[in-house]
Amino acid sequence: MAYEKRLCVLKQIKKGFSADGSPLSGAVYAERMGSELTVTPRLAGIAPVKEGRYALAVWAGGREYCLALTGGALKIADAPSLKDGFAVLLCFVRGEAEPVAFGCCGSAPANYRDLLKIFSEEEKKRKRAAPIPVPMPPTQVPGAPSPQVPLAPAIPVPDAEDAAPFRKAAGYDDEAIASDDYFRGKLFEGAENDDARAGGKESQKAATGGGGARADDENGAVHPFRVGSGSLTYYNEMREKLEDAFSKYPKDDRLQTIFPRSEWVNTGGGLLGVIYENGRPRYICAAAESAGDPPEEMKGLGIFVPRTHFSDGEGFYVVFQDADTGETVKTYES
């Protein structure tokens with residue numbers, strides 16, 4: 001019985017589908033024993049989805065297959081030979097398929113757009129096969145409970161004055177508004193490009209108005225920056241500006257020894273970083289390298305962080321901003 005084995009490496013096509021924010025990568029193993037083909041995807045840190053699904057489009061021997069990503073090996077009966085290699089396209093599917101990662105080996109087609117068409121054909125087949133919904137009885141109104149179902153007792157909602165003691169006891173104020181914004185004012189100070197200082201007037205306008213960055217519901221995937229119950233209101237407001245900075249400035253990994261779950265770039269006038277907690281942003285940070293007193297604008301706001309665990313004299317003064325509210329974290333109260 002003939003046995004064939006091939007491997008292709010997947011490369012990211014679209015951002016936003018990895019659990020830790022890094023570029024999505026992985027590999028797909030294809031093994032053919034006789035006429036049965038086994039496809040085994042190995043994906044590193046793919047983000048979960050709250051709506052939609054992941055699926056694979058596979059090309060082998062001139063044939064195309066659409067397979068649901070289940071987390072294990074996928075079987076294809078009566079499959080062609082792998083002598084010409086194979087190609088795999090990973091997509092997120094919610095209505096129209098979105099390409100996420102692609103890989104090929106041998107003489108398989110190197111253009112993933114040809115494989116993308118198979119999802120449109122599968123969607124048409126699914127719609128044709130969908131059962132006709134059964135109408136509800138005329139006596140039952142959608143959303144209204146049956147007369148036999150008792151209604152739960154109504155619970156009065158306290159007004160603003162009555163709710164104040166509860167907010168105080170809980171240790172937070174859900175109506176508080178941040179009074180200062182260190183990030184906008186000092187982040188790009190010292191950068192060579194005048195448009196980059198303070199994000200530029202046009203960038204600030206785009207980041208603070210008109211809806212900001214794209215919401216999760218637009219692609220259905222739980223973006224790694226939004227995993228959890230936090231609103232990330234401030235982070236979403238600044239997301240466009242952050243992405244622009246992280247693509248423009250060089251990476252700096254000196255603070256990753258202290259904050260392993262973080263990423264930083266050097267803006268020329270200091271460091272800009274994001275610290276993650278459970279896969280989502282927890283703090284937006286600005287850091288200035290210093291071996292003595294903190295910079296004047298950081299006094300009372302930042303905390304000194306040694307560069308390594310073995311150094312007390314050299315390090316950075318770091319200012320932390322809450323990713324949900326934008327408030328500067330007072331480290332002496334933390």
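Numbering of residues begins at 1 and proceeds along the displayed sequence.
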* Asked: How long is the span from the CG atom in L115 to the CD atom in E64, to the nearest 0.5 Å?
  ->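 Rounded to the nearest 0.5 Å, the CG-CD separation comes out at 5.5 Å.
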
Are any non-hydrogen side-chain atoms of [X] and [Y] less than 4.5 angstrom apart?
| X | Y | answer |
| --- | --- | --- |
| I76 | L67 | yes |
| L255 | S262 | no |
| Y235 | I284 | yes |
| L301 | Y317 | no |
| F320 | I275 | yes |
| S18 | D20 | yes |
| L10 | L24 | no |
| F316 | I258 | no |

* Asked: Among side-chain atoms of E327 and Y234, is any donor-acceptor pair under 3.5 angstrom?
  ->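 No, Y234 and E327 have no side-chain donor paired with an acceptor closer than 3.5 Å.
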
In residues 37-44, what donor-acceptor pairs under 3.5 Å come from side-chain atoms, sequence neighbours left out?
unit_1	atom_1	unit_2	atom_2	d
T38	OG1	K75	NZ	3.1

* To do: Determine whether more than 12 heavy atoms belonging to other residues, nucleotides or ligands lie under 6.0 Å from atom CZ of R63.
  =>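 Atom CZ in R63 is packed in, count exceeds 12.
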
* **More than 12 heavy atoms of other groups within 6.0 Å of E36 CD** =>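 Yes, because the 6.0 Å sphere around CD of E36 holds more than 12 heavy atoms from other groups.
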
* **Worked check of side chain to side chain contact (heavy atoms under 4.5 Å, CB included) between R282 and D322** => CA-CA 6 Å; R282 184 65 187 91; D322 191 289; 2.9 Å; yes

* Other cluster members, L7 - Ile/Leu/Val/Met/Phe/Trp/Tyr, side-chain contacts below 4.5 Å ->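 L7 clusters with Y29.
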
Shortest non-hydrogen separation from [X] to [Y] and the atoms involved:
| X | Y | answer |
| --- | --- | --- |
| C104 | A110 | SG-CA, 4.0 Å |
| V265 | F246 | CG1-CD2, 3.6 Å |
| L89 | P99 | CD1-CB, 4.1 Å |

* Scan for side-chain hydrogen bond (donor to acceptor under 3.5 Å, both in side chains) pairs involving residues 101-118, sequence neighbours excluded, and state none if there are none. =>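 side-chain hydrogen bond (donor to acceptor under 3.5 Å, both in side chains) check on residues 101-118 returns no pairs.
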
* Asked: Parallel, tilted or perpendicular for Y54 and F92, by the 30°/60° rule?
  ->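 Aromatic pair Y54/F92 classed perpendicular.
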
* Walk me through it: do Y283 and E277 pass the test side-chain hydrogen bond (donor to acceptor under 3.5 Å, both in side chains)? => CA-CA 9 Å; Y283 301 106; E277 183 180 76; over 6 Å; no

Donor-acceptor pair, [X] side chain versus [Y] backbone, under 3.5 Å?
| X | Y | result |
| --- | --- | --- |
| R32 | G34 | yes |
| R53 | A68 | no |
| D324 | L232 | yes |

* **Single-linkage hydrophobic cluster V9~F102, side-chain heavy atoms < 4.5 angstrom** =>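 No.
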
